[in-house]
Engineer: 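Dropping the structure in here first, questions after.
All residue numbers in this chain count up from 1 along the given sequence. Source: prediction; values computed, not measured.
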Amino acid sequence: MPRSIWNGTIAFGMVRVPVKLYSAIESKSVSFRERNLTDGAAIEHRRFCEHEGVEVPYAEIAKGFEIRPGEFVVLSKEEIAAADGPGARLIEVEHFVSRAEIDPVHYERTYHLGPGKDGEDAYRLLHTAMRRSDRVAIGRFVFHNRARLVAIRPLEEVLAMHAMRFADEVVTPDALEIAAPARKPTAREREMAQALIGQLDAAFEPERHHDTYREAVMELIRQKAAGEELQLEEVEAPAQAPDDLLAVLQASLDAGAPKGARGRSATPAKRRARAREPGGTPATGRPR
């Protein structure tokens, strides 16, 4: 069973809701350890003092901020922790917003919130009220010496909390050096592109998608461990823009939807009927 990684309190108005924080993400990335290519020995990374030329114990290392070239202000762990202030164990809700108003670019990482000690009643009250009002709580808290903007919403029978990026951390499209299009799509191109989108339209089913890169890496490891000769494929060059968009669109439409893609029915009634089938997906995209 996952263990909580933080205990604190959600505060909205005068209400206090004790909660426990759990990670909602479990990394499945392939983990490598550095080895010497010649003899296979393990590689160590050590912390050395540039001035004295000796290894420095972790307990004697502080963090420094460069205020001018070569000049640093050094802060101890205790001094940095003091910046958390009295709200170090508090998730302060500032307001409630519509979920549709939040652009996904602001989301960074997802956590689960469970009720803390003696907090079951207040937790269930907040969960029920948010579900019925279809609102997301926006607040902030400090975690791992970093202030975070957060969005809290009902997710099935628990509360989910998304750590978010502040506005000044998001690079806006107008900051990019992207040339203006030389021409607008023709009516025929728009019509065919929309037809292709409709052909590929399907309900989102997360379990359908899996990490093929990780699977390929693990297969290479298996082959090499078994003494098999690896067949390394050449990396393909980036695809070039098509000279004839209409021809490519028509070829895509003629090829049909890829295997596994399930187009949506044209009417809500048909979508509801499909949702009632075994393994069907609910007709609504609204989270419970």
Side-chain angles (χ1 to χ4, degrees), residues 1-6 20-46 99 102-114 143-146 148-165 169-171 173 176 196-197 199-242 248 252 255-264 278-282 285 287-288:
M1 180 177 179
R3 299 180 60 183
S4 61
I5 56 178
W6 182 88
K20 293 184 177 182
L21 185 72
Y22 303 85
S23 177
I25 306 298
E26 182 182 0
S27 176
K28 298 292 186 179
S29 299
V30 180
S31 179
F32 291 99
R33 296 182 61 184
E34 293 181 332
R35 315 294 291 187
N36 189 328
L37 189 60
T38 58
D39 61 11
I43 300 296
E44 293 185 6
H45 291 267
R46 301 183 181 184
R99 179 167 46 89
I102 305 175
D103 192 303
V105 72
H106 291 280
Y107 290 130
E108 185 175 10
R109 187 179 178 88
T110 302
Y111 301 89
H112 293 315
L113 288 170
F143 186 55
H144 288 172
N145 300 127
R146 179 182 173 189
R148 295 175 183 265
L149 186 69
V150 296
I152 302 172
R153 66 181 179 91
L155 178 62
E156 298 183 2
E157 298 305 316
V158 300
L159 293 173
M161 186 177 78
H162 304 278
M164 303 174 69
R165 299 175 179 88
E169 296 177 308
V170 176
V171 178
L176 307 178
L196 181 58
I197 291 173
Q199 193 178 79
L200 298 174
D201 184 44
F204 177 57
E205 300 175 6
E207 63 278 2
R208 180 189 294 178
H209 309 278
H210 52 99
D211 191 342
T212 56
Y213 174 77
R214 183 180 74 231
E215 293 171 356
V217 171
M218 293 306 299
E219 176 59 20
L220 288 174
I221 293 173
R222 186 202 64 77
Q223 291 175 3
K224 198 157 188 177
E228 301 176 15
E229 183 178 353
L230 301 185
Q231 301 296 324
L232 305 181
E233 299 180 4
E234 293 186 5
V235 178
E236 296 182 0
Q240 300 296 315
V248 175
S252 300
K259 184 178 180 181
R262 182 176 61 185
R264 294 184 185 272
T281 302
R288 294 186 297 167

Engineer: Quick check: closest heavy atoms across F143 and R148, and the distance to 0.1 Å?
Structural biologist: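 Smallest heavy-atom distance, with atoms named: O-NE, 3.8 Å.
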Engineer: With a 4.5 Å heavy-atom cut-off, do R153 and L159 have their side chains touching?
Structural biologist: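 R153 vs L159: side chains apart.
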Engineer: For V105 and R165, work out which heavy atoms get closest and say how close.
Structural biologist: O-NH1, 3.3 Å
Engineer: Check whether any side-chain heavy atom of L155 lies under 4.5 Å from a side-chain heavy atom of T110, and answer yes or no.
Structural biologist: no
Engineer: Go through it in stages, so that I can follow the logic: the residues are L196 and S252, the test is side chain to side chain contact (heavy atoms under 4.5 Å, CB included), and I'd like the CA-CA distance, side-chain angles, deciding distance and then a yes or no.
Structural biologist: CA-CA 7 Å; L196 181 58; S252 300; 3.8 Å; yes
Engineer: Go through the side-chain N and O atoms of E34 and H45 and say whether any donor and acceptor fall under 3.5 Å apart.
Structural biologist: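 Yes - a donor-acceptor pair under 3.5 Å links their side chains.
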Engineer: V30 vs M218, test: side chain to side chain contact (heavy atoms under 4.5 Å, CB included). Steps then yes/no.
Structural biologist: CA-CA 8 Å; V30 180; M218 293 306 299; 3.9 Å; yes
Engineer: For residues V158 and L113, report the shortest heavy-atom separation together with the two atoms involved.
Structural biologist: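 Heavy atoms only, the tightest pair is CB-O, 4.0 Å.
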Engineer: Looking at L230 and L220, what are the two nearest heavy atoms and their distance?
Structural biologist: CD2-O, 3.8 Å
Engineer: Do R109 and Y111 form a cation-pi contact, if we require the NZ or CZ to be under 6.0 Å from the six-membered ring centre and within 45 degrees of the ring's axis?
Structural biologist: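 Yes; both conditions hold, so R109 lies above the ring face of Y111.
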Engineer: Parallel, tilted or perpendicular: which fits the ring planes of H209 and F204, with parallel below 30° and perpendicular above 60°?
Structural biologist: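 Parallel.
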Engineer: Do K20 and H112 touch side chain to side chain, with heavy atoms closer than 4.5 Å?
Structural biologist: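 Sidechains of H112 and K20: no contact.
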Engineer: With sequence neighbours left out, what residues match E108 under side-chain hydrogen bond (donor to acceptor under 3.5 Å, both in side chains)?
Structural biologist: R146
